[in-house]
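These notes are about the structure you will find just below.
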Amino acid sequence: DGCGHTVLGPESGTLASINYPQTSPNSTVCEWEIRVKPGQRVQLKFGDFDIDDSDSCHSSYLRVHNGIGPTRTEIGKYCGFGFQMDGLIKSKSNEMTVQFMSGIHTSGRGFLASYSTTDKSDLITCLENASHFSEPEFNKYCPAGCVIPFADVSGTIPHGYRDSSSLCMAGVHAGVVSNTLGGQINIVISKGIPYYEGSLANNVTSKVGPLSTSLFTFKTSGCYGTLGMESGVIPDSHITASSILEWSDQAGQVNIWKPENARLKRPGPPWAAFISDEQQWLQIDLNKEKRITGIITTGSTLPEHYYYVSAYRILYSDDAKKWMVYREPGTDRDKIFQGNTEYYQEVRNNFIPPIIARFFRINPLKWHQKIAMKVELLGCQFSIGRAPKFSLPPPPPNSNDDKNDDFSDDFIHSVKTSLETDKTTFTPEIKNTTVTPSVTKDVALVAVLVPVLVMVFTTLILILVCAWHWRNRKKKTAGTYDLPYWDRAGWWKGMKQFLPTKSADHEETPVRYSSSEISRLRPREVPAMLQTESAEYAQPLVGGMVGTLHQRSTFKPEEGKEASYADLDPYNSPVQEVYHAYAEPLPITAPEYATPIIMDMSGHASAPLGISPISTFKAAGNQAAPPAGPYNRPLCGTESPSSVRALYDTPKGQPGPGAAAELLYQVPQGLPHPTGGNEQP
């Protein structure tokens, strides 16, 4: 009479004293006999130990034995308040006996312990939570039987569970381990969230939880995607039922609750059976074999029709003729799944191990008012070896009333737990977060090839764009005769003889004349400066530099001749007549198109007699003889243009102011253009 919560599985289990974690009653005794597979040994781990030791373990104690029966040998006898046992108690064989004795006492919670085979070195108890571990990720083995009424769980998948939740009980709620079998869990710790939802899943009620500093989630195989009921992948013709509810309302409208209405989250009425008995079923054809890992159900979802199924069995088949009932490994009883507790909430149940089948059938066993439900199946594609099926054909039908009475005891036995099921919230959507093993290699190959191909194509595109840009730039700059910016400096003038001949039949560079800038330059820098500035009219060829042709130029090239660089110094070249190949003198009748070159020659030394600079400009009329000296004084800023006229030297070798227009002229002696009259400066 001293046995509390007990689940003895084939490889692991959990046991506790009666009334734990409250004070155990006086004068009680309980003895557990544990057996595992031959060749293996048993290890025992205490999660909590609080037994009165006032009489030195005489009347209240816990004793552990090697073996079972009369031949067993004692391993140890334990008592004490808050007794801490860090290590594991191991048997020498595959059998162990645990004996609890409670004498007269006033306090003491008793104990809770878990066991497993010795190959599970990372065994934990049902009381462990995430705050007991400092690692951000770790693996542990949960024993069977961790669905206990005195442990709390807050949260859901995939959002995560509060760090105060029992690790193993949360694992059962998430569907990663079985309460009957236990199993390995892979925990990942992360930052907490402000609010944790609650839901009912796998006979575990998760409560709503407040903010916490951290939470934990489970790494899984990822085979939890929906299989097509809600999305419509499963056609209506593949959803059938034993019967269909058809009825007329007060307005005379006929309502038919067909099997295709049993799609989760679809608005409208559900599927409902015409007759509410245990022979009813809802069948789903998945078109081919699938790995089915879970099911989500709701009731009618209509407040005016408070119908739902509270317990059911699962049957499956490959041909829809021979049906198997789902059972957990190591048991000879049909698995009874807890259904809904009200008409709207979603309840999830997982299959461990999963079901491999094409045809899936739900057989309601208990219901409220009428059999009505909506369903979604969870799982993934199946492409590997079949898992063993632990099931037997369904028993023959009996009368409805007798069957319900017999089932009541079976149901209570199968879902024996002190969990509350009347206060639940909705199960969140479960999505497939990873891929199935059959496509893992393909996904890994694609994950490598796609970035490589993207990089290769991006590189090729960049190379083509750069080549096209370079080619266009080369075409644009090829053939221009203007010197680059760094060629235009004054010191480059002496290196012009090394430049190759350039063609003058390409686009031109306009020339600008600025008297303010030219006046600051030395005489020898004037020709170079004139090459760098743009102007409204074309630049005359002064000092041997090749000028440019402009669309509005008054100079035209002679046909059949090719431009070339001349290397004549306007001041030091010998006396000779040079006729430029491109420029003609401006006509006398249109002086407004030619702008005289303004040259500040005041700082230049006098040239020898008989040597004069060359000009391509002629005077626009009869000019007076220049004053003595090779150069004339330029017009001062205070002199009026109306009273001064430009003076030009007479042509070389052809004296006289009225020389022919085709002769070459020297540099102007007076700078401003005459505006009229024959006044002298």
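In this view, F218 and Y161, F216 satisfy the ring pair (Phe, Tyr, Trp, His ring centres under 6.0 Å) rule, not counting sequence neighbours. Here F138 pairs with F133 under the ring pair (Phe, Tyr, Trp, His ring centres under 6.0 Å) rule; sequence neighbours left out. Scored by the ring pair (Phe, Tyr, Trp, His ring centres under 6.0 Å) test, F49 finds F46, F83 as partners (sequence neighbours excluded). With sequence neighbours left out, H65 forms a side chain to side chain contact (heavy atoms under 4.5 Å, CB included) with R63, R72, E74, T97, Q99. Checked against side chain to side chain contact (heavy atoms under 4.5 Å, CB included), T118 has the following partners two or more places apart in sequence or in another chain: R41, Q43, K90. With sequence neighbours excluded, the residues satisfying ring pair (Phe, Tyr, Trp, His ring centres under 6.0 Å) with Y343 are Y306.
Of the inter-residue distances, the one linking D119 atom CG with Q40 atom CD reads 5.5 Å to the nearest 0.5 angstrom. N350 contributes atom CG, which lies 7.0 Å from atom CG of L378 (distance to the nearest 0.5 angstrom). Atoms CG and CZ, on N19 and R109 in that order, are 12.5 Å from each other to the nearest 0.5 Å. A distance of 6.5 Å separates OG1 of T23 from NE2 of H105, quoted to the nearest 0.5 Å. Going from atom CG of L123 over to atom NZ of K45 covers 6.5 Å, rounded to the nearest 0.5 Å. Going from atom CD1 of I296 over to atom CG of L264 covers 6.0 Å, rounded to the nearest 0.5 Å.
The side-chain heavy atoms of M373 and V375, taken from C-beta on, include a pair separated by under 4.5 Å. Side-chain contact between I284 and L227 is absent, with no heavy atoms from C-beta onward closer than 4.5 Å. By the 4.5 Å heavy-atom criterion applied to side chains, T217 and P158 are not counted as neighbours. The closest side-chain heavy-atom distance from F100 to S24 is below 4.5 Å. For the pair F359 and L286, the minimum side-chain heavy-atom distance is 4.5 Å or more. At least one side-chain heavy atom of L200 sits under 4.5 Å from a side-chain heavy atom of Q345. Here the side chains of F382 and I292 are not in contact, with every heavy-atom distance at 4.5 Å or above. When side chains are defined from C-beta on, I34 counts as touching V98, because their heavy atoms get closer than 4.5 Å.
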Could you walk me through whether L127 and F150 pass the side chain to side chain contact (heavy atoms under 4.5 Å, CB included) test, one step at a time? CA-CA 9 Å; L127 301 179; F150 42 82; 4.1 Å; yes

Output, in order, the C-alpha distance, side-chain angles, deciding distance and verdict of side chain to side chain contact (heavy atoms under 4.5 Å, CB included) for N349 and Y312. CA-CA 11 Å; N349 283 287; Y312 56 88; 3.2 Å; yes

Do I89 and I75 pass the side chain to side chain contact (heavy atoms under 4.5 Å, CB included) test, and can you show the C-alpha distance, the side-chain angles, and the key distance before you say yes or no? CA-CA 8 Å; I89 301 174; I75 298 176; 3.8 Å; yes

For salt bridge (Lys or Arg N to Asp or Glu O under 4.0 Å), just list the numbers for K219 and E137, CA-CA rounded to whole Å, side-chain angles, deciding distance to a tenth of an Å, and then say yes or no. CA-CA 10 Å; K219 281 189 176 181; E137 182 174 346; 2.7 Å; yes

Evaluate the side chain to side chain contact (heavy atoms under 4.5 Å, CB included) criterion for residues L215 and H159: first the C-alpha distance (whole Å), next the side-chain angles of each, then the deciding distance (0.1 Å), finally the verdict. CA-CA 9 Å; L215 61 80; H159 306 296; over 6 Å; no

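Looking at K77, its side chain never comes within 3.5 Å of a backbone N or O of V64 through a donor-acceptor pair. Side-chain atoms of D285 come within 3.5 Å of backbone N or O of N287 as a donor-acceptor pair. Panel note: side chain S310, backbone G339; no donor-acceptor pair is recorded below 3.5 Å. Formation of a donor-acceptor pair under 3.5 Å by the S300 side chain with backbone atoms of A372 is not found in this model. Remark: the backbone N or O of C146 is paired with a side-chain donor or acceptor of N179 at under 3.5 angstrom. Under the 3.5 Å distance criterion, the side-chain polar atoms of N186 are left unmatched by any main-chain donor or acceptor of T220.
Y61 approaches C79 most closely through the heavy-atom pair CA-CB, 4.3 Å. In this structure, S60 and G103 approach most closely via the heavy-atom pair OG-N, 2.8 Å. Between S317 and A357, the closest heavy-atom pair is O-CB, 3.7 Å. Taking both residues in full, the closest heavy atoms of G110 and I51 are given as O-CG1, 4.0 Å, listed atom of the first, atom of the second, then distance. E328 and S178 make their closest contact through OE2-OG, 3.5 Å (heavy atoms, listed as atom of the first residue, atom of the second, distance). Between N66 and S93 the shortest heavy-atom distance is OD1-N, 4.5 Å.
In this structure, K120 forms a cation-pi arrangement with Y141, its terminal cationic atom sitting closer than 6.0 Å to the ring centre and no more than 45° off the ring axis.
T298 and E346 share no side-chain donor-acceptor pair at under 3.5 Å. Between the side chains of H173 and T205, not a single donor N or O lies within less than 3.5 Å of an accepting N or O. Side-chain atoms of S164 and N129 form no donor-acceptor pair, as typed in the model, at a separation below 3.5 Å. A side-chain donor-acceptor contact under 3.5 Å links S212 and Y196. For the 3.5 Å distance criterion, the side chains of T117 and K37 fail to qualify, holding no donor opposite an acceptor.
Y316 and F360 have their aromatic ring centers separated by at least 6.0 angstrom. Less than 6.0 angstrom separates the ring centroid of Y326 from the ring centroid of F351. The aromatic ring centroids of W32 and F111 lie less than 6.0 Å from each other.
A salt bridge links R327 with D334; the closest basic N to acidic carboxylate O contact falls under 4.0 Å. Under 4.0 Å is where a charged nitrogen must lie from a carboxylate oxygen, and between R358 and E289 no such pair does. We find that R263 and E230 are not joined by a salt bridge, their nearest charged nitrogen and carboxylate oxygen being 4.0 Å or further apart.
Among I295, I314, L377, T293, the one residue that satisfies the side-chain contact (heavy atoms from CB on, under 4.5 Å) test with I355 is I314.
As summarised for C126 and C168, their two SG atoms remain at a distance no smaller than 2.5 angstrom, missing the threshold. Between C380 and C223, the SG-SG separation falls below 2.5 Å.
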